[in-house]
Amino acid sequence: MDQQAEKGLNMAQAQLMDLPAARSDWRARIASNAEGVLIPISALLLGLGAFALLLFLQGKSPVQFFQLVWLGGFGTSFSWQNTLSRAAPLLMAGLCVAIPARLGLIVIGGEGAIVIGGVAAGASAIVLTGTSMPIGIIAMASAGALAGAIWIGAIGALRHWRGVNETIASLLLAYIAIALMNHLVEGPLRDPGSLNKPSTPPIDAALAVGKMPWPNVHWGLLVGILACVLTWVLLERTTWGFSARIAGSNMRAAQVQGLPVGWLIIGFTALAGSLAGLAGYFEVAAVHGSANASLASGYGYSGILVAFLARHNPLAIIPVALLLAGFEASSGLLQRRMGLPDASVLVLQGFVFVAILTSEAVYGRFHLFLPNRWGKS
């Protein structure tokens, strides 16, 4: 056993020995959990404040801006429907980042998996035309999920077998996915009737995903919420999640202990990609009706912010995705009422993302949040 692995094992053992003491007092538990809540919220408010200052310097009213964000994202029933429809792909895109993060991997290629999943679903719909509804829908969803799993799982394979940096690989593969989508949609899979906007042939009506009775949003929202809950169970209540947490803390120590680190990397990245591919399927089957350039709408990149703001907690992804979906849903109203460009919401997300990244440096620096500060003596 080399020195680094031995050091990692000693640190892990020390943490396990300290757990009973840290959890012996309810105040210690609150303190340890409060840091993961208060710091992201503070970073969010800091990002919003910086953007408000930018608006003020441009002669725009920050108060009016946030009033319109509320109105456009959450103020009416129509606003809520728009927000919830946008939240569905954000939930799965956030999970595409959060799941590999349990292993210490920063995968930011969810956009590529969404695009590839949507193209695979649109292509399979051509073959499945005339198929009965349950079989056809399951086959389309499986095609989208499988395509996303292969796309992101390949990143995990490259990371494990060749040592390729997963962040760079996932970003480059996202651009390749968009280029491949453009080639297929404008070439072999193009519907001759799509003149102004090239797309695959419209999917059969029997293969379309309908809307839930309430809140009049397609079923992808429910699937996304269930995916967040089940992912939390996987990460927090199973041996696979525990093994991934150990590997994420010190991969070499996990290998020394005999954990299947390679298969964990490939399996977790493939699972993450399958969820993003499923988001692409719902965009085709429930929103656009075919695969086209609208698949590359930025949900994969927004999912990065969702995951980081939620601290890679699958349950926290749900409210964060709703918040950012509300921001995006209000962009049209902001453009009409305040004359702001449509990219203003992207600038706002940029400010928030920088604040979130900056806040990573302050974790563990406040004695107020240290469990030993409140544990029993």
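Not measured: the values here are computed from a predicted model. Only this structure's heavy atoms are used, side chains among them; waters, hydrogens and symmetry mates stay out.
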Non-hydrogen side-chain atoms of Arg159 and Leu105 separated by less than 4.5 Å: yes

Shortest non-hydrogen contact between Val97 and Val107, atoms and distance: CG2-O, 3.5 Å

According to a hydrophobic-cluster definition based on side-chain heavy atoms being under 4.5 Å apart (Ile, Leu, Val, Met, Phe, Trp, Tyr only), do Val354 and Leu45 belong together? no

Would you please test Ile116 and Ile150 for side chain to side chain contact (heavy atoms under 4.5 Å, CB included) and show each step? CA-CA 10 Å; Ile116 288 297; Ile150 294 174; over 6 Å; no

Flag side-chain contact, heavy atom, 4.5 Å: Leu71 against Ser330: no

Between Thr129 (side chain) and Ala125 (backbone), is there a donor-acceptor pair under 3.5 Å? yes

Transitive ILVMFWY cluster of Leu46 at side-chain heavy atoms under 4.5 Å: who else is in it? none

Got a sec, which residues hit side chain to side chain contact (heavy atoms under 4.5 Å, CB included) with Pro215, two or more places apart in sequence or on another chain? Leu84, Met212, Val217

When you look at Val119 and Leu189, which way does the side chain to side chain contact (heavy atoms under 4.5 Å, CB included) test go after all the steps? CA-CA 9 Å; Val119 171; Leu189 299 179; 4.2 Å; yes

Residues that, via side-chain heavy atoms closer than 4.5 angstrom, fall in one hydrophobic cluster with Leu172: Ile168

Verify the cluster assignment for Leu146 and Ile126: are they in a single hydrophobic cluster under the rule of side-chain heavy atoms below 4.5 Å apart? no

Taking only distance into account, with no hydrogens and no angle test, what donor-acceptor pairs under 3.5 Å do side-chain atoms of residues 298-306 form with protein atoms, sequence neighbours excluded?
| from | atom 1 | to | atom 2 | distance (Å) |
| --- | --- | --- | --- | --- |
| Ser302 | OG | Gly298 | O | 3.2 |
| Ser302 | OG | Glu328 | OE2 | 2.9 |
| Ser302 | OG | Gln349 | OE1 | 3.4 |

I'd like to check Val352 versus Leu324 (side-chain heavy atoms, cut-off strictly below 4.5 Å). Are they in contact? no

Would you compute the distance between atom CD1 of Ile137 and atom CE of Met133 and round it to the nearest 0.5 angstrom? 5.5 Å

If every non-hydrogen atom of His218 is compared with every non-hydrogen atom of Ala88, which pair is closest and at what distance? CE1-CB, 3.8 Å

Leu90 backbone acceptor or donor facing Arg86 side chain under 3.5 Å: no

Rounding to 0.5 Å, atoms CD1 (Ile135) and CG (Leu128) come to a distance of 10.0 Å

Considering all heavy atoms, the nearest Ala143-Ala120 contact: O-CB, 3.7 Å

Donor-acceptor pairs under 3.5 Å, side chain of residues 195-207 to any protein atom, not counting sequence neighbours: which ones?
| from | atom 1 | to | atom 2 | distance (Å) |
| --- | --- | --- | --- | --- |
| Lys197 | NZ | Ser294 | OG | 2.3 |
| Thr200 | OG1 | Ala291 | N | 2.9 |
| Asp204 | OD2 | Ala206 | N | 2.9 |

Between Leu221 and Val287, is there shared hydrophobic-cluster membership here, with clusters defined by ILVMFWY side-chain heavy atoms closer than 4.5 Å? no

Ile138 vs Ser142 side-chain heavy atoms within contact, under 4.5 Å: yes

Separation between OG (Ser359) and CD1 (Ile39), nearest 0.5 Å, reads 6.5 Å

Could you grab the distance from atom CZ of Phe327 to atom CG of Leu48, nearest 0.5 Å is fine? 5.0 Å

pair Glu166-Pro100: side-chain heavy atoms closer than 4.5 Å: no

Hey, could you give me the CD1/CG distance between Ile225 and Leu230, rounded to the nearest 0.5 Å? 12.0 Å

Just wondering, do Thr167 and Leu171 contact through their side chains at under 4.5 Å, heavy atoms? no

Same apolar cluster: Ile356 and Ile106, side chain cutoff 4.5 Å: yes

Verify, without hydrogens or angle tests, whether Thr238 (side chain) and Gly241 (backbone) share a donor-acceptor contact under 3.5 angstrom. yes

Under 3.5 Å, sequence neighbours excluded: what are the donor-acceptor pairs made by side chains of residues 58-70?
| from | atom 1 | to | atom 2 | distance (Å) |
| --- | --- | --- | --- | --- |
| Lys60 | NZ | Met338 | O | 2.9 |
| Ser61 | OG | Val63 | N | 3.4 |
| Ser61 | OG | Gln64 | N | 3.1 |

Would you say Met181 ends up clustered with Tyr175 if hydrophobic residues are merged whenever their side chains have heavy atoms under 4.5 Å apart, either directly or through other cluster members? yes

In chain order, what residues pass the side chain to side chain contact (heavy atoms under 4.5 Å, CB included) check against Arg245, with sequence neighbours excluded? Arg102, Glu236, Phe242

Could you pull out the closest heavy-atom pair between Pro319 and Ala316, with the gap in Å? CD-O, 3.1 Å

Smallest separation among heavy atoms of Leu91 and Cys228, with atom names: CD2-SG, 4.0 Å

Could you give the distance from OG1 (Thr239) to CG (Leu259), rounded to the nearest 0.5 Å? 10.0 Å

With sequence neighbours excluded, give me every ring-ring contact (aromatic ring centres under 6.0 Å, His included) pair touching residues 79-115. Phe74-Trp80

With sequence neighbours excluded, residues passing salt bridge (charged side-chain N to carboxylate O under 4.0 Å, His left out) with Glu186: none

Which residues, ordered by chain and number, are linked to Val233 in its hydrophobic cluster, where ILVMFWY side chains connect at heavy-atom gaps below 4.5 Å, directly or through other members? Val229, Trp232, Leu315

Hey, does Asp191 have a side-chain heavy atom less than 4.5 Å from the side chain of Ser290? no

Mind checking whether Ile176 and Leu173 have side chains closer than 4.5 Å, heavy atoms only? yes

Using distance only, find each side-chain donor-acceptor pair of residues 264-284 under 3.5 Å and give its atom names and separation, not counting sequence neighbours.
| from | atom 1 | to | atom 2 | distance (Å) |
| --- | --- | --- | --- | --- |
| Thr269 | OG1 | Ile265 | O | 2.7 |
| Thr269 | OG1 | Ile266 | O | 3.0 |
| Ser274 | OG | Leu271 | O | 2.6 |
| Glu283 | OE1 | His288 | NE2 | 3.4 |

Please report the closest heavy-atom contact between Leu322 and Ala87, naming both atoms and the distance. CD2-CB, 3.8 Å

One pair to check against side chain to side chain contact (heavy atoms under 4.5 Å, CB included): Leu54 and Val347. What are the steps and the verdict? CA-CA 10 Å; Leu54 177 64; Val347 176; 4.2 Å; yes

Connecting only ILVMFWY residues whose side-chain heavy atoms lie within less than 4.5 Å of each other, what is the rest of Leu158's hydrophobic cluster? Val164

